[in-house]
Amino acid sequence: MADPKDAQDHNLPASQRKIKKAREDGQLPRSRDLPHFMVMAALALLAAALLPQALQEWRAMLQDGLRFNAEMVQRVGIMEAVLADQAGRFVRAVGLIGVVLALAAVVANLASGGWNFTWKALGPKWNHLDPIAGMGRLFSGQAAVTALKAVLLALVLAAVAAWALHQRFAQYVGLMSLPLEEALAQTGRLLLGGVVALLIALALFAAIDLPLQYQLYLRKLRMSRSEAKQEHKETEGSPEIKSRQKQRMREVTRRRMMAAVPGADLVVMNPSHYAVALKYDETRDSAPRVVAKGADLVALRIRDLAQEHAVPVLQAPALARALFAHAKLDQEVPGPLFAAVAQVLAYVLQLKGRLAARFDAPPNPEVPEGFDPHAEKARPVTDEEAYA
């Protein structure tokens, strides 16, 4: 049983599965300072590009809105027409600004957390109605960091704005002595300079806040040992289920091996500990294949089946051990063992009268050095060497 303290001890990093589930639930690392910077930068660029044209448009709107004569008084509905025209101009101007700022905000959020579409974020979160949990979130470490960062940002922006105003105070005072159009243009340039200073401060905060929010996001998703064990059990399966699956796979493999023994050409044994059944099909195989192999009780079962179906059983201890250790099921025997296997197959073919009518003594094939696992000082052979 898991330790109750372990549920509160979230020291393990979040797994990819938990991060993916959090994204599906609408939880993403979002930076608030990056959208602020992007929106302010888009507004500054828009003002720098369209301010002269906007001043001309506003001047025309004022002139058209304040024009009044006797002919206009006699026209029915003139007031509604003027108001509709002024409202249309205003909506077009504000609409363009709104679209640009909305695009800047969308780009900033995509840059901080990426695109993530989910309906779960719109669902009700009843746990937010819990006052105790709400107090915990209010006084959490992340809330303290967010509040401290907001206060620091406000102080820095106020200090930058005060510095920019102090540097240009004399120029602002001098605007009163300029004509209206020139004063408006000069005001725009002065304000744009102050906005650039604010943008630099916002850019610094965004550069700090973006990795900070990502680290806080990962910290929030950290897992306890019990959660990690439960996730591993859900993804990989419990040890009991995996053990039963492996047992079933072994049983299926064993039944398939036993079914292939009656069709084998030869069974090599040692003499009761290891058994390897070989089959050679000249039309399909370039070398003999291992159709069954086993140790101890499985080896005895292979021997009994071979004897029941008149399959020759040859006692070749070194070869049996080498084949059992290095040959893979349903694959051809390793190249270095071809010569030894060929000797025993030739003997079996002689017994069956396929090659000659004479009978020689049973061969005692020699296996290459390092292939017999029971030989003294045998060097282990790798799969690359065995199947070279």
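Not measured: the values here are computed from a predicted model.
- Side chains of Asp330 and Val290 form no contact here, defined as non-hydrogen atoms less than 4.5 Å apart.
- The shortest side-chain heavy-atom distance between His273 and Arg321 does not fall under the 4.5 Å cut-off.
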Carefully, step by step, assess Asp209 and Leu34 under the rule side chain to side chain contact (heavy atoms under 4.5 Å, CB included). CA-CA 8 Å; Asp209 185 62; Leu34 184 60; over 6 Å; no

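- Closest non-hydrogen pair, Val344 versus Val341, comes out as CG2-O, 3.0 Å.
- Under the 4.5 Å side-chain heavy-atom criterion for ILVMFWY residues, a single connected hydrophobic cluster contains both Val156 and Val195.
- Taking both residues in full, the closest heavy atoms of Ala299 and Tyr274 are given as CB-C, 3.8 Å, listed atom of the first, atom of the second, then distance.
- At distances below 3.5 Å, at least one donor-acceptor pair connects side-chain atoms of His309 with backbone N or O atoms of Leu305.
- Considering only residues two or more places apart in sequence or on other chains, Ala306 meets the side chain to side chain contact (heavy atoms under 4.5 Å, CB included) condition with Val261, Val267, Val311, Val313.
- Shown here is Arg256, whose CZ atom has more than 12 heavy atoms of other residues, nucleotides or ligands within 6.0 Å.
- Qualifying side chain to side chain contact (heavy atoms under 4.5 Å, CB included) partners for Ala150, counting only residues two or more places apart in sequence or in other chains: none.
- Across every non-hydrogen atom of Val276 and Lys293, the tightest pair is CG2-CB, 4.0 Å.
- Atoms CZ and CD, on Phe338 and Glu332 in that order, are 6.0 Å from each other to the nearest 0.5 Å.
- Within 6.0 Å of atom CG in Leu155, more than 12 heavy atoms from other residues, nucleotides or ligands are found, so the atom counts as buried in its surroundings.
- Side-chain atoms of Lys18 come within 3.5 Å of backbone N or O of Leu221 as a donor-acceptor pair.
- Interatomic distance, CZ of Arg222 versus CG of Leu218, reported as 10.0 Å (0.5 Å rounding).
- Note that CG of Asp296 is 16.0 Å distant from CZ of Arg301, once rounded to the nearest 0.5 Å.
- Note that the CZ atom of Phe37 and the CG atom of Leu204 stand 9.5 Å from one another [nearest 0.5 Å].
- The line from CE of Met40 to CG of Leu157 is 8.0 Å long, rounded to the nearest 0.5 Å.
- Atom CE of residue Met38 and atom CG of residue Leu43 lie 13.0 Å apart, to the nearest 0.5 angstrom.
- Arg289 meets the salt bridge (Lys or Arg N to Asp or Glu O under 4.0 Å) test with Asp285; sequence neighbours excluded.
- Side chains of Leu152 and Phe205 form a contact here, defined as non-hydrogen atoms less than 4.5 Å apart.
- Counting heavy atoms from C-beta on, the side chains of Met258 and Val298 come closer than 4.5 Å.
- Residues Val291 and Met257 fall into different hydrophobic clusters, defined by Ile, Leu, Val, Met, Phe, Trp and Tyr side chains chained together at heavy-atom separations under 4.5 Å.
- Asn270 has its side chain out of reach of Gln315: every pair of non-hydrogen atoms, C-beta onward, lies at least 4.5 Å apart.
- Between Leu323 and Leu278, the closest side-chain pair of non-hydrogen atoms falls below 4.5 Å.
- Smallest separation of non-hydrogen atoms from Ala42 and Ala104: CB-CB, 3.8 Å.
- Side-chain atoms of Asp33 and Leu202, non-hydrogen and from C-beta on, never get closer than 4.5 Å to each other.
- The environment of Arg254 atom CZ is sparse: at most 12 non-hydrogen atoms of other residues, nucleotides or ligands sit within 6.0 angstrom.
- When all heavy atoms of Pro211 and Ala207 are compared, the pair lying nearest together is CD-O, 3.1 Å.
- No side-chain heavy atom of Lys279 sits less than 4.5 Å from a side-chain heavy atom of Pro288.
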